[in-house]
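Some notes on the structure that comes next.
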2 protein chains.
Amino acid sequence: MDFLRPELIPDPTVRRLSLYLRQLEVVHRQERRTISSRQLADSLGLTDAQVRKDLTYFGTFGQPGVGYNVSELVARIRRILGTDQQWNVLLVGAGNLGRALLSYGGFAAKGLSIVAVFDNDPAKIGQSIADRPVQPLEAITDAVRQHDARLAIVAVPADSAQEVADGLIRAGIRGILNFSPSRLNVPPTVALQAVDLALQLEQLTFQVSLNSMTRSGARHP
Amino acid sequence: MDFLRPELIPDPTVRRLSLYLRQLEVVHRQERRTISSRQLADSLGLTDAQVRKDLTYFGTFGQPGVGYNVSELVARIRRILGTDQQWNVLLVGAGNLGRALLSYGGFAAKGLSIVAVFDNDPAKIGQSIADRPVQPLEAITDAVRQHDARLAIVAVPADSAQEVADGLIRAGIRGILNFSPSRLNVPPTVALQAVDLALQLEQLTFQVSLNSMTRSGARHP
DNA sequence: TGGTGTGAATCCTTTCACAGCC
DNA sequence: GGCTGTGAAAGGATTCACACCA
């Protein structure tokens with residue numbers, strides 16, 4: 001990890017790392033000790049060479065003739081992805097989506113915890129959602145400091161998303177998960193992931209349209 | 001469209017098509033008549049050559065010296081993506097996420113309409129959510145026929161997702177938007193898009209970890 | 001034998017650069 | 001001059017194939 005040259009790591013590799021981790025956690029629960037690149041690849045519909053190449057970006061931890069030690073690999077991938085740490089997250093937007101996210105179990109599993117909720121609707125401010133009081137946007141800066149929060153979720157309408165993001169960045173947030181259907185502009189020091197439902201819906205209608213035209217196969221993600 | 005050889009169209013191209021459409025809709029609302037590949041590219045952080053190459057996969061509709069006719073291009077991309085049609089969608093899973101999706105405005109904008117809701121929890125069946133009664137899973141097959149539904153959203157826990165997907169596919173569904181954190185197995189005739197929150201969270205923590213290690217820049221999606 | 005790690009080869013995507021048109 | 005459409009070149013990612021190890 002420490003000798004990592006991050007700019008050389010292909011983006012697709014990092015994405016697959018998450019898939020490897022998920023599958024390895026399954027295998028780990030089954031108390032399997034080791035796994036080969038072939039076995040891991042087959043369970044995910046990939047090739048063994050790809051698994052090996054991906055992993056060697058981060059070091060060399062397989063044993064020829066044996067494979068990879070499952071629990072060691074789990075620990076190392078968690079460390080690489082950063083989910084071995086605790087992450088405090090701010091949620092901006094207390095609408096239906098915000099509510100759904102607050103009850104989503106997946107955050108805790110990755111060491112993430114939503115520590116505060118914000119909205120600009122006076123009617124919502126002061127209400128409690130899942131035991132967290134909804135605060136005005138002006139309280140963001142203090143909350144970042146108080147909770148040492150590095151991540152934020154933007155779940156507001158498109159027309160206020162950029163404004164919210166700017167505020168979060170000024171307050172010192174280092175990564176944003178954007179649920180609004182808008183392209184956020186952030187400096188290169190701030191990481192950005194977008195959950196773009198409209199885009200994915202269009203990919204789906206495109207694929208289905210194509211399939212029914214051609215009667216051939218669909219592409220899979 | 002009719003002379004389209006779908007297997008040749010790169011996946012990234014189809015993804016960008018959605019981005020083009022979104023930006024073109026903005027420009028269209030501003031009553032701009034034409035747009036050049038350069039202008040479109042700049043607004044999305046891409047190159048002009050990429051825009052032109054992407055578009056030529058679907059035909060040739062620019063005018064040298066002038067650019068692309070905005071409203072024509074909007075109409076053609078909508079047609080390509082299939083969002084010029086009406087799509088009836090089944091929603092499986094009436095939890096918090098399902099509820100949030102029912103109130104999400106983006107579906108209607110893409111011609112999608114959630115026509116029925118299903119859940120296997122007896123306590124939920126019969127309840128109404130956003131004017132739609134929650135039905136048992138057994139009612140799926142009839143609903144597909146009745147509404148001529150081709151798409152479905154899977155918003156159930158990971159352990160029942162595959163089972164639900166199998167049922168949907170048997171009932172004739174042609175495309176699935178999967179919100180559960182599990183890899184669904186579907187035949188190649190069924191299109192699949194996954195909204196993988198756990199994966200995106202890990203990409204985010206990875207990028208932020210990297211940034212704070214290297215003090216250099218983050219990659220952007 | 002079964003398996004990793006990795007250079008070389010292949011495949012795919014993006015960018016370049018320019019002929020041709022308005 | 002401005003802009004599209006497109007072959008050719010460059011750049012990345014994936015797969016191949018094999019040396020080497022347990």
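Chain A is the first sequence line, chain B the second, and so forth, proteins listed ahead of strands; every chain is numbered from 1. Hydrogens, waters and symmetry mates are skipped; everything else that's a heavy atom, side chains included, is used.
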Residue mapping more 5' on DNA chain D - nearest nucleotide basis, Q50(A) or V66(B): V66(B)
Position toward the 5' end of DNA chain D (nearest nucleotide), P12(A) or Q63(A): P12(A)
Determine whether the side chains of [X] and [Y] contain a donor N or O and an acceptor N or O closer than 3.5 Å.
X       : Y       : value
Q162(A) : D166(A) : yes
R32(A)  : Q39(A)  : yes
Q203(A) : Q193(B) : no

From CA spacing to verdict: side-chain hydrogen bond (donor to acceptor under 3.5 Å, both in side chains), T83(A), E202(B): CA-CA 7 Å; T83(A) 53; E202(B) 283 173 349; 4.6 Å; no
For F107(A), all residues meeting ring pair (Phe, Tyr, Trp, His ring centres under 6.0 Å), sequence neighbours excluded: Y104(A)
Residue whose nearest DNA chain C nucleotide is more 5′ - K53(A) or G65(A): G65(A)
First-last contacting nucleotides on DNA chain D - partner chain B, under 4.0 angstrom, heavy atom: dG2(D) to dA8(D)
Salt bridge (charged side-chain N to carboxylate O under 4.0 Å, His left out) between D48(B) and R52(B), worked out: CA-CA 6 Å; D48(B) 53 343; R52(B) 292 198 299 278; 3.5 Å; yes
Pair E25(B) + R29(B): basic N to acidic O under 4.0 Å: no
Outermost nucleotides of DNA chain C that come under 4.0 Å of a non-hydrogen atom of chain B: dT13(C) to dC22(C)
Verdict with reasoning, N96(A) to S103(B), per side-chain hydrogen bond (donor to acceptor under 3.5 Å, both in side chains): CA-CA 7 Å; N96(A) 274 290; S103(B) 66; 3.0 Å; yes
Touch class at under 4.0 angstrom, heavy-atom based, for S37(B) against every strand present: sugar-phosphate
